[in-house]
Amino acid sequence: QVQLVESGGGLVQPGGSLRLSCAASGRTFSSLTMAWFRQAPGKEREFVAHVSRSGITTYYADSVKGRFTISRDNAKKTVTLQMNTLKPEDTAVYYCAAKDDYSFIYISTNYKYWGQGTQVTVSS
């Protein structure tokens with residue numbers, strides 16, 4: 001079993017930055033691939049970013065490419081999402097997710113473990 005706990009959300013002005021963190025506990029962290037998803041009110045949960053087990057390979061949604069950076073620290077069992085140049089359309093609840101197989105990374109239902117979510121609001 002894996003437990004995921006997000007932190008770092010909040011209110012930020014457009015153009016600002018936030019850093020989200022996800023702390024994992026339970027099974028071997030390095031055996032999991034990690035991702036961030038987000039869900040805005042009235043919308044479906046959408047893929048944001050993914051990082052491989054080693055941390056070498058990353059993938060991003062087109063909407064955040066060049067602005068967000070995902071990384072992981074296997075020794076500390078954490079994954080981080082650095083969000084820069086935030087826009088009002090980035091407002092959502094952000095979720096940390098993990099899976100231990102090689103299924104398609106963009107599909108939320110492929111992820112076995114989820115955090116409780118952290119609210120990010122971008123507004124002036």
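These numbers come from a predicted model, not from an experiment.
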Residues A97 and Y111: closest non-hydrogen pair is CB-CD2, 3.6 Å
Report the relative orientation of the aromatic rings in F68 and Y94; use parallel for angles under 30°, tilted for 30 to 60°, perpendicular for over 60°.
tilted
- Count the heavy atoms belonging to other residues, nucleotides or ligands that lie under 6.0 Å from CD of E89, then report whether that count exceeds 12. yes
Residues Q119 and V93: closest non-hydrogen pair is OE1-CG2, 3.3 Å
Sorted by chain and residue number, the side-chain contact (heavy atoms from CB on, under 4.5 Å) partners of A49 (sequence neighbours excluded) come out as Y60, I70, L81
Sequence neighbours excluded, the answer for salt bridge (Lys or Arg N to Asp or Glu O under 4.0 Å) partners of R38 is E46, D90
### Task
May I ask you to decide if T78's main-chain N or O and D73's side chain share a donor-acceptor pair within less than 3.5 Å?
no
When every non-hydrogen atom of A61 is compared with those of F47, the smallest separation belongs to CB-O, 3.4 Å
Quiz item: Can any side-chain N or O of R45 pair as donor or acceptor with the backbone N or O of Q39 at less than 3.5 Å?
Solution: no
Exercise. Measure from the side-chain N and O atoms of T28 to the backbone N and O of S30, and report whether any donor-acceptor pair falls under 3.5 Å.
Key: no
Discussion item. Just so I know, are the side chains of N84 and L86 near enough to count as touching, which here means a heavy-atom distance under 4.5 Å?
Written reply: no
| said: I'd like to know if V2 and W114 are part of one continuous hydrophobic network [Ile/Leu/Val/Met/Phe/Trp/Tyr, side-chain heavy atoms within less than 4.5 Å]. | reply: no
Sorted by chain and number, sequence neighbours left out, salt bridge (Lys or Arg N to Asp or Glu O under 4.0 Å) with K76 holds for none
Exercise. Just by modelled atom types, is the C22 backbone N or O under 3.5 Å from a matching donor or acceptor in the E6 side chain?
Worked result: no
Applying salt bridge (Lys or Arg N to Asp or Glu O under 4.0 Å) to K65 and not counting sequence neighbours gives D62
message: According to a hydrophobic-cluster definition based on side-chain heavy atoms being under 4.5 Å apart (Ile, Leu, Val, Met, Phe, Trp, Tyr only), do V64 and V12 belong together?
response: yes
Quiz prompt | ILVMFWY cluster, I107 and M34 together (side-chain gap under 4.5 Å) | solution = no
When the ring planes of H50 and Y59 are compared, do they come out parallel, tilted or perpendicular, using 30° and 60° as the limits? tilted
Closest heavy-atom pair, G55 versus T58, reported as atoms and distance to 0.1 Å, is O-CG2, 4.5 Å
Do side-chain atoms of T118 reach the backbone of G9 as a donor and acceptor pair under 3.5 angstrom? yes
By salt bridge (Lys or Arg N to Asp or Glu O under 4.0 Å), D100 pairs with (sequence neighbours left out) R27, K112
Margin query: I want to check something: taking the side chain as every heavy atom from C-beta on, are I105 and N110 in contact at a cut-off of under 4.5 Å?
Written below: no
Residues at least two apart in sequence or cross-chain that pass side-chain contact (heavy atoms from CB on, under 4.5 Å) with R19, listed by chain then number, are T80, Q82
Do the non-hydrogen side-chain atoms of L11 and S123 ever get within less than 4.5 Å of each other?
yes
Would you say P14 and K87 make side-chain contact, with heavy atoms under 4.5 Å?
-> no
Query raised in the report: Are the side chain of S52 and the backbone N or O of T57 linked by a donor-acceptor pair below 3.5 Å?
Result: yes
What one should report as the nearest heavy-atom pair of W36 and L20 is CH2-CB, 3.7 Å
Would F37 and L4 show up in the same hydrophobic cluster when neighbours are defined by side-chain heavy atoms closer than 4.5 Å?
no
For A40 and T91 the tightest heavy-atom approach is CB-O, 3.7 Å
Under 4.5 Å between any side-chain heavy atoms of S108 and Y95, yes or no? no
- Message: I'd like to know whether Q3 forms a side chain to side chain donor-acceptor pair (under 3.5 Å) with S25, so could you lay out the CA-CA distance, the side-chain angles of the two residues, the decisive distance to 0.1 Å, and finally the verdict.
- Response: CA-CA 5 Å; Q3 293 79 43; S25 61; 3.2 Å; yes
Note to self: V51 vs T33, test: side-chain contact (heavy atoms from CB on, under 4.5 Å). Steps then yes/no.
What the structure shows: CA-CA 6 Å; V51 62; T33 66; over 6 Å; no
